[in-house]
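Here the structure comes first, spelled out in structure tokens, and everything after it is commentary.
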Amino acid sequence: MLRVVLADDAVLLRAGLVELLTRSGHEVVAAVGDPAALVAAVDDARPDVVITDVRMPPGFRDEGLKAALELRTRHAGLPVLVLSQYVATAYATQLLSGSGQNGAGTVGLGYLLKDRVGEVSEFLDAVRRVAGGGTVIDPEVVRTLLVQQTADRPLAKLTPREREVLALMAEGLNNQSMAQRLSVTEAAVVKHASNIFMKLDLDPVEGNRRVLAVLAYLRGEST
């Protein structure tokens with residue numbers, strides 16, 4: 001069971017998430033609708049994980065994201081899962097890079113589209129992975145980053161299977177999960193990953209560092 005603080009200004013969605021999390025055995029210790037209430041609830045309840053919308057009152061821009069980054073500074077390592085209505089790679093980038101700048105590191109971070117909530121098992125898995133210290137990036141965000149790559153980039157050197165593995169890496173899946181998703185052996189995933197790192201000139205790192213390396217490459221920050 002996880003103790004959750006939830007923040008979303010949409011009353012119906014907030015109530016639905018509370019119901020979903022509660023039925024799944026988790027405890028929603030606070031469900032609020034604005035950034036100030038979110039910060040106060042986390043300071044008071046010290047939850048296992050925070051789930052927050054990006055856009056909240058008063059400006060409906062990135063107030064929820066800013067609150068999440070502030071909370072990561074105040075409570076180092078606090079797992080945070082950010083929900084967004086639209087594919088906005090800039091928000092994912094701000095979450096990951098901002099958290100690192102604040103000294104909180106990149107452990108326990110997630111960025112998902114709200115549509116993913118409808119995929120109940122995927123959403124709950126993401127909550128558990130973030131609470132456990134993992135990094136979770138929505139596959140639609142990853143696909144957008146992949147499409148933005150030009151044909152003359154080294155990405156064009158990858159085989160179709162290697163591109164699939166690269167996308168799953170960026171989502172934050174480990175080797176076992178990637179093997180299950182692709183219906184191949186873990187040894188095959190390791191081989192594909194090795195080829196990817198070699199072709200893209202990336203360090204063969206593991207865990208969250210691997211996710212960040214891949215995302216940095218897809219954002220064009222690596223050659």
Side-chain angles (χ1 to χ4, degrees), residues 2-22 26 28-45 47-75 78-102 104 106 108-120 122-127 129-131 134-145 147-148 170-172 211-212 215 218-219:
L2 297 172
R3 299 176 68 255
V4 182
V5 166
L6 172 65
D8 197 300
D9 65 286
V11 176
L12 290 179
L13 177 59
R14 190 166 72 235
L17 286 172
V18 170
E19 177 71 13
L20 173 60
L21 291 164
T22 301
H26 304 304
V28 179
V29 294
V32 300
D34 63 79
L38 168 60
V39 172
V42 171
D43 286 344
D44 180 60
D48 299 314
V49 61
V50 170
I51 302 173
T52 180
D53 189 10
V54 169
R55 299 181 178 183
M56 286 196 292
F60 294 96
R61 291 186 292 273
D62 61 353
E63 289 85 351
L65 181 61
K66 288 180 178 178
L69 293 174
E70 177 185 342
L71 287 169
R72 293 274 293 182
T73 300
R74 295 162 69 125
H75 307 284
L78 173 69
V80 173
L81 176 60
V82 173
L83 302 178
S84 178
Q85 186 69 45
Y86 309 103
V87 176
T89 57
Y91 286 148
T93 300
Q94 187 178 347
L95 177 67
L96 293 167
S97 60
S99 201
Q101 291 171 2
N102 288 336
T106 55
L109 284 175
Y111 179 88
L112 288 182
L113 298 181
K114 287 187 175 180
D115 287 347
R116 201 65 54 193
V117 176
E119 304 293 334
V120 175
E122 289 186 30
F123 172 70
L124 293 174
D125 178 63
V127 172
R129 285 164 58 195
V130 168
T135 302
V136 177
I137 305 297
D138 195 282
E140 282 300 322
V141 175
V142 174
R143 279 192 279 272
T144 299
L145 289 168
V147 169
Q148 289 173 351
E171 289 179 37
V211 177
L212 295 176
L215 288 174
L218 292 176
R219 293 196 306 265

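Here, residue 1 is the first one in the sequence, and each next residue gets the next number.
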- Message: Looking at P57, is its backbone amide N or carbonyl O close enough to the side chain of D9 to form a donor-acceptor pair, meaning the two atoms are under 3.5 Å apart?
- Response: no
- Task: State which residues pass side chain to side chain donor-acceptor pair (under 3.5 Å) with R14; sequence neighbours excluded, sorted by chain then number.
- Result: none
- Query: Can you check whether V80 reaches V130 side chain to side chain, under 4.5 Å on heavy atoms?
  - Reply: no
- Message: Main chain of V54, side chain of D62: is a donor-acceptor contact present, judged purely on distance under 3.5 Å?
- Response: no
- Taking atom NZ of K114 as the centre, does the number of heavy atoms from other residues, nucleotides or ligands within less than 6.0 Å exceed 12? yes
- Query: Got a donor-acceptor contact below 3.5 angstrom from the R72 side chain to the L109 backbone?
  - Reply: no
- Query: Looking only at heavy atoms, which two atoms of V211 and A170 are closest? And how far apart?
  - Reply: CG1-O, 3.6 Å
- Message: Going by the rule side chain to side chain donor-acceptor pair (under 3.5 Å), which residues pair with T52 if we only count those two or more places apart in sequence or in a different chain?
- Response: none
- Note on the structure: Between G64 and P35 the two heavy atoms that sit nearest each other are N-CG, 4.5 Å
- Query: What's the spacing between H26 NE2 and D48 CG if we round to 0.5 Å?
  - Reply: 10.0 Å
- Nearest heavy-atom pair of R55 and F60: which atoms, and what distance? CD-O, 3.6 Å
- In Å and rounded to the nearest 0.5 Å, what is the CG to CG distance from L65 to L83? 11.5 Å
- Contacts of R61 that satisfy salt bridge (charged side-chain N to carboxylate O under 4.0 Å, His left out) - sequence neighbours left out: none
- CZ (R3) and CG (L21) are apart, to the nearest 0.5 Å, by 13.5 Å
- For the student: nearest non-hydrogen atoms of L2 and A131, plus distance: CD1-CB, 3.7 Å
- Query: From D138 CG over to D115 CG, what is the distance, rounded to the nearest 0.5 angstrom?
  - Reply: 8.5 Å
- Quick one: closest heavy-atom pair of S84 and D53, and the distance? CA-OD1, 4.5 Å
- Message: Holding to side chain to side chain donor-acceptor pair (under 3.5 Å), I want the full list of residues that pass it with E122, two or more places apart in sequence or in another chain.
- Response: none
- Can you name the residues that form a side chain to side chain donor-acceptor pair (under 3.5 Å) with R143, not counting sequence neighbours? E140
- Of all pairs that satisfy salt bridge (Lys or Arg N to Asp or Glu O under 4.0 Å), the ones with a partner from residues 31-43, not counting sequence neighbours: D43-R74
- Which value, rounded to the nearest 0.5 Å, describes the distance between L13 atom CG and Q85 atom CD? 8.5 Å
- Which atom of V39 lies closest to which atom of L71, heavy atoms considered: CA-CD2, 3.9 Å
- Message: Within this structure, what is the CZ-CG distance for the pair R129 and L81, rounded to the nearest 0.5 Å?
- Response: 10.5 Å
